[in-house]
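Worth knowing before you read on, the calculation uses all heavy atoms, side chains too, and leaves out hydrogens, waters and symmetry mates. Every chain is numbered from 1, with letters handed out A, B, ... down the list of sequences.
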Amino acid sequence: MTVRVRFAPSPTGYPHIGNLRTVVFNWLFARHHNGKFILRIEDTDRSRYVKDALRVISDSLTWLGLDWDEGPGIGGAYGPYIQSERLDLYRQKAEELIAKGWAYRCNCTPERLEKVRAEQRAQGKSQIMYDRHCRNKPPDAISPDEPHVIRLKVPLEGKTVVHDLLRGDIEFDNALLDDQILLKSDGYPTYHLAVVVDDHMMGITHVMRGDDWISSTPKRVLLYQAFGWEPPIYAHVPLVLGPDGKKLSKRHGAVSIDEFRRQGYLPEALFNFLALLGWSPGDGDREIYSREELIAKFDIRRINLAAAVFSYDKLQWMNGAYIRALSEQELLKRLIPFWQNAGLIPTPVPTEMISTLETLVPLVQERLKTLRDVVELTDFVFQDIETPTAESLIPKKTSARQALRILQRVHALLAGMVHFNEETLETELRQLAADMGVKAGAVFNIIRVATTNKRVAPPLFGSLVALGRTTTLQRLARAEEVLSAYLAQESAPDEEA
RNA sequence: GCCCCCAUCGUCUAGUCUGGUCUAGGACACAGGCCUUUCAAGCCUGGUACAUGGGUUCGAAUCCCGUUGGGGGCACCA
C-alpha cells in the first residue's frame, strides 16, 4: 500500500510555525515511505477567507523544501484539490446520509441555538450542545428548498473508539457527542464532512494532525461508519507551545513562516529544527541532520507524545551553525538581499562593490545568528557613522591626550602605508603599539570606535580594508578633531589657574 | 463545568514498549576558565531533572492505580 498523506490548510491566514512542524512530520513520513504528499485547500469558510493566503502557503512550503505531489497548481488524479470546487460532491454525500438515516435537516436559527446554549450555561449543565430539536421531526417537515443545515445523527448510546497509532485506542461516549452540522445553510460543508469525504475519495492512508483535533475525531469516525468506509490511520501529534506553555499563536511573536524568512533564518536550519521538535531519531547525540538523513531516519512511532515548547534560543543557535557551515560564496549570495532590503547596497549590486562584500563575508560568518544580523554588523561600511564621542574614544587607563597621540600616529602610518591590506595593517599597527609602549588592544579599540562608532564590530583589519583607506582616514581625522576639542575644553580651566 | 491527551534538567530530548548496564546521556540557555584586537566562534569545567503517593518485583525513570500539575476540545471555524 502506498502511503498517502496530506496537508490541508484553510486559507484563513498565513502558515503558522506550529502547524508547519506537523507538516514537516507528514512530509518526512511520505518521503520516508516513498509515498505521496498531497496539498489540499480547505476553503469552506467563506467569511474568514484571506485572499493571498493560498499563495503564501505555497511559497512557505516551497521555501522550506516541502514539495507536494498532488495539489493546487500541479493537479493529480484525485482533483480538484480545492474544496470550494467540490461543493456538489459534499451536498450529494450529505443527502446520501439523510437517505441512510444518518443525518437530518435542521432549520433552527443561529439565534435559537445561541439561546439554547445560554440556557444550558445558566443551568450549569456540564454539556453544552444542540438540544436535537429537529432530530425527530418527520422527514418532510423541512423542505430541501428552505434554508436549513444538515446535521449528523449521532447515536444516543454506546461508545465510539478512535484508534490512534501513537496513543492506542481512545474511547468516547456517544452521549457526549453533539449532532454536528455537516452542511451549512450556505451550502458549504463544514470541516467534518469535507475532510472525511475528501480523505476517503483521495485515498489518504494516514492522517497526522495536532492533538487538538482528538476530541473531534469520534465524529469523523462515526461519519466513516455512516458511509461504510474504512477510516484512515490516525496519528495525533503533540502541539507546539509558546514560551508561556500555551498553544503557539500570533501572540507569541514571530510565528508565520514568512517572518522567519525575513528575519534571516535559513530554510534548512528551520527544517532541521522543526523536525527535531517532538521527534528524535534516537541515535547518537547529534542535533544537525541533513534533509536526506531526516528522511531516512524518520519513524512516526518515535514521535514524542508531550507538547513541546518552541525555543527561539535553540533555533538561533542552529541557524548560526548552518550559517557557519555555508561556503563563503553561498553565504554571500544569501546575504545580499538582506543588505539590499536594509538599503545599504543597491539592486543590482554594482560589480565594483563585490570585492568589498567578499571581504566582509568571512569577517561576519561566525558572528551571525541570522542573516539579518549582517545589517547591524556591517552598516558602518556602507553609510556614514555618527561621530563618536570623546568618552567612547578614550580607552580605560588611557588619557585623552594619549588617545589623540595614538590616533595621529595611526593616521600618519595608514596614510603612508604602501599596501593597505589586512596582514600589513596588523603587522604595522602592532609595531606602532610596541613603539609607543601601549597595548595593541588599546590601539585597536581606539581605531575601532573611530571608524565604526561601535564597541563591538567585526575584526578590525578586515573592516578597515572593506571601508577603504580614504574613508578610514576621514573617520580617523574626525575622531582626532573630537579629541582635540575635548582636550581644549578640559585644559582651559587649568591654564587659567 | 464536562470530555480527552500528556508528565525526565529552565527548554528540546535519549533512556520507557523488551524493568537491572541510569550514582540518568546529549543539545540549547546559563556560570566559570582558556584562546583572543572588541564581539563571536572554538575548547575545557560546572550546576540543575525521572511531579507525587501507593502498589507489583530480588530490583522501577521504565509496569499498574490514585493524586497533583500542564495542555487541548466542547461553533452554520478549521
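- Residue A:Leu305 holds its CG atom at 5.0 Å from CZ of A:Arg167, rounded to the nearest 0.5 Å.
- Contact footprint of chain A on RNA chain B: nucleotides with an atom under 4.0 Å from a non-hydrogen protein atom, first to last in 5' to 3' order, B:G1 to B:A78.
- No contact: A:Pro9 has no heavy atom under 4.0 Å from any strand.
- For the C1' atoms, the distance from B:U21 to B:A61 is 15 Å, rounded to whole Å.
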Indicate every side-chain donor-acceptor pair of residues 441-455 of chain A with a distance under 3.5 Å to a residue at least two apart or in another chain.
residue: A:Asn445; atom: OD1; partner: A:Arg448; partner atom: NH1; Å: 2.8
residue: A:Asn445; atom: ND2; partner: A:Gly441; partner atom: O; Å: 3.2
residue: A:Thr451; atom: OG1; partner: A:Ile447; partner atom: O; Å: 2.8
residue: A:Thr451; atom: OG1; partner: A:Arg448; partner atom: O; Å: 3.4
residue: A:Thr452; atom: OG1; partner: A:Arg448; partner atom: O; Å: 2.6
residue: A:Thr452; atom: OG1; partner: A:Lys454; partner atom: N; Å: 3.0
residue: A:Thr452; atom: OG1; partner: A:Lys454; partner atom: O; Å: 3.4
residue: A:Asn453; atom: ND2; partner: A:Glu386; partner atom: O; Å: 3.4
residue: A:Lys454; atom: NZ; partner: A:Glu376; partner atom: O; Å: 2.8
residue: A:Lys454; atom: NZ; partner: A:Asp379; partner atom: OD1; Å: 3.0

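- The residue A:Ser10 sits close only to the backbone: its heavy atoms come under 4.0 Å of sugar-phosphate atoms, none of a base.
- With P as the reference atom, B:C4 and B:G66 are 12 Å apart, rounded to whole Å.
- Taking the P atoms as reference points, B:U8 lies 12 Å from B:U52, given to the whole Å.
- Salt bridge absent: A:Lys153 and A:Asp179 never bring a charged side-chain N and a carboxylate O closer than 4.0 Å.
- Residues passing the side chain to side chain contact (heavy atoms under 4.5 Å, CB included) test with A:Val116 are A:Arg112, A:Gln120, A:Asp131, sequence neighbours excluded.
- Within 4.0 Å (heavy atoms only), A:Gly320 reaches no atom of the nucleic acid at all.
- Heavy atoms of A:Ser185 sit under 4.0 angstrom from at least one base atom.
- Residue A:Leu276 is classed as a sugar-phosphate contact, given heavy-atom separations below 4.0 Å to backbone atoms only.
- Atom name C1', nucleotides B:A27 and B:U37: the rounded distance is 31 Å, in whole Å.
- Separation of the C1' atoms belonging to B:C63 and B:G20 is 14 Å when rounded to the nearest angstrom.
- In this structure A:Gln402 satisfies the side chain to side chain contact (heavy atoms under 4.5 Å, CB included) test together with A:Thr398, A:Ser399, A:Arg405, A:Ile406, A:Val438, sequence neighbours excluded.
- Using a 4.0 Å heavy-atom distance criterion, A:Ala457 is classed as a base contact.
- Between the C1' atoms of B:C74 and B:U57, the separation comes to 42 Å (whole Å).
- Applying the side chain to side chain contact (heavy atoms under 4.5 Å, CB included) test to A:Asn26 and every residue at least two apart in sequence or in another chain returns A:Val5, A:Thr22, A:Phe37, A:Met208.
- Annotation: B:U23 and B:C39 have their C1' atoms spaced 40 Å apart (nearest Å).
- Figure legend. B:A24 is base-paired to no nucleotide; pairs are counted as Watson-Crick or G-U wobble with both atom distances under 3.5 Å.
- No engagement by A:Pro243 is indicated, since no non-hydrogen atom pair under 4.0 Å with the nucleic acid exists.
- Across all strands, A:Val149 comes closer than 4.0 Å to base atoms (heavy-atom distances).
- At a threshold of 4.0 angstrom between heavy atoms, the contacts of A:Asp283 with the nucleic acid are absent.
- At the heavy-atom level, A:Ser47 lies nowhere under 4.0 Å from the strands shown.
- Partners of A:Arg324 according to the side chain to side chain contact (heavy atoms under 4.5 Å, CB included) rule, which considers only residues two or more places apart in sequence or in another chain, are A:Ala321, A:Glu366.
- Atom name C1', nucleotides B:U18 and B:A75: the rounded distance is 46 Å, in whole Å.
- With salt bridges taken as basic N to acidic carboxylate O contacts below 4.0 Å, none links A:Glu95 and A:Arg91.
- For B:C74, the paired nucleotide is B:G1, the pair qualifying as Watson-Crick or G-U wobble because both relevant distances are below 3.5 Å.
- Among the atoms of the strands shown, base atoms are found under 4.0 Å from some heavy atom of A:Phe461.
- Toward the 5′ end of RNA chain B lies the nearest nucleotide of A:Gln127, the other residue of the pair A:Gln127 and A:Arg302 mapping further downstream.
- Here A:Lys247 lies in heavy-atom contact (under 4.0 Å) with sugar-phosphate atoms only.
- A:Glu42 comes within 4.0 angstrom of sugar-phosphate atoms only, judged by non-hydrogen atoms across all strands, and of no base.
- Residue contacts for A:Arg324: at a heavy-atom cut-off of 4.0 Å it reaches the sugar-phosphate backbone alone, with no base atom in range.
- Within 6.0 Å of CD on A:Gln123 lie more than 12 heavy atoms contributed by other residues, nucleotides or ligands.
- In terms of position along RNA chain B, the nucleotide closest to A:Gly124 lies nearer the 5' end than the nucleotide closest to the other residue of the pair A:Leu277 and A:Gly124.
- Nucleotide B:G69 has B:C6 as its partner under the Watson-Crick or G-U criteria, with both atom distances under 3.5 Å.
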